[in-house]
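Read the structure below first, then the notes.
Start at 1 with the first residue, then count along the sequence. Keep in mind it's a predicted model, so treat the numbers as computed, not measured.
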Amino acid sequence: MEKVNSSEELMNTIINMSSEHSVRQFLIPGKGKFTVVLQEEDHLSISSEVTANPELKNMITGSREEYKQGKGMSTTELLKSLSPKDFA
């Protein structure tokens with residue numbers, strides 16, 4: 001497992017992902033272990049995917065509700081929460 005010591009290293013890890021290297025696991029000291037999965041771009045709209053898969057609608061609705069309840073955070077919020085002391 002890769003250890004990420006700065007937000008720059010985190011961004012480089014994500015930027016360097018490709019279809020051949022689509023899953024990356026890394027540790028951010030003070031935050032925990034993370035797994036990032038790169039998925040192929042799909043040109044279907046979210047609404048057409050929800051129509052094709054009703055369970056997806058339930059997942060999205062549940063995820064939005066949990067986010068509203070403060071049970072999750074966006075990538076931007078995660079990056080903002082990191083400080084140099086997290087990488088010490």
Side-chain angles (χ1 to χ4, degrees):
M1 180 170 300
E2 179 180 355
K3 183 177 177 183
V4 175
N5 294 307
S6 69
S7 56
E8 291 81 15
E9 286 183 21
L10 176 58
M11 289 308 297
N12 284 334
T13 296
I14 294 170
I15 289 168
N16 290 324
M17 293 177 73
S18 67
S19 58
E20 291 82 30
H21 302 285
S22 61
V23 178
R24 297 295 294 264
Q25 293 184 322
F26 52 90
L27 169 72
I28 298 177
K31 292 292 179 185
K33 297 176 183 177
F34 295 85
T35 301
V36 175
V37 179
L38 176 66
Q39 296 179 337
E40 290 184 33
E41 277 191 74
D42 192 350
H43 299 288
L44 295 176
S45 70
I46 291 174
S47 66
S48 65
E49 289 190 32
V50 166
T51 302
N53 183 356
E55 181 61 25
L56 181 58
K57 181 177 183 177
N58 295 336
M59 292 171 57
I60 291 171
T61 302
S63 178
R64 285 179 177 162
E65 189 58 38
E66 286 184 7
Y67 182 77
K68 287 178 187 175
Q69 295 173 8
K71 295 182 179 178
M73 67 172 53
S74 68
T75 304
T76 300
E77 290 169 328
L78 170 65
L79 292 174
K80 286 181 180 177
S81 76
L82 299 175
S83 69
K85 69 179 182 176
D86 292 321
F87 300 99

Closest contact, heavy atoms only, [X] versus [Y]:
| X | Y | result |
| --- | --- | --- |
| S19 | L38 | N-CD2, 4.2 Å |
| L56 | E49 | CD2-CB, 3.8 Å |
| M17 | S22 | CE-O, 3.1 Å |
| V4 | P29 | O-CD, 3.4 Å |
| G72 | E77 | O-OE1, 4.3 Å |

Separation of [Y] [atom2] from [X] [atom1] (nearest 0.5 Å):
| X | Y | atom1 | atom2 | answer |
| --- | --- | --- | --- | --- |
| E8 | T13 | CD | OG1 | 11.5 Å |
| L27 | M1 | CG | CE | 7.0 Å |
| K80 | S7 | NZ | OG | 13.0 Å |
| S6 | I28 | OG | CD1 | 9.5 Å |
| T61 | K57 | OG1 | NZ | 6.0 Å |

Is it true that I14 and F26 fall in one hydrophobic cluster, defined by side-chain heavy atoms closer than 4.5 Å?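 Same hydrophobic cluster.
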Atom CE of M59: over 12 foreign heavy atoms under 6.0 Å
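At most 12 heavy atoms, drawn from other residues, nucleotides or ligands, come within 6.0 Å of this atom.
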Non-hydrogen side-chain atoms of [X] and [Y] separated by less than 4.5 Å:
| X | Y | result |
| --- | --- | --- |
| H21 | N16 | no |
| L10 | L82 | yes |
| F34 | L78 | yes |

Exercise for review: For E66, enumerate each residue passing the salt bridge (Lys or Arg N to Asp or Glu O under 4.0 Å) test, keeping only those at least two apart in sequence or located in another chain.
Suggested key: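 Scan of E66 (salt bridge (Lys or Arg N to Asp or Glu O under 4.0 Å), adjacent residues dropped) gives none.
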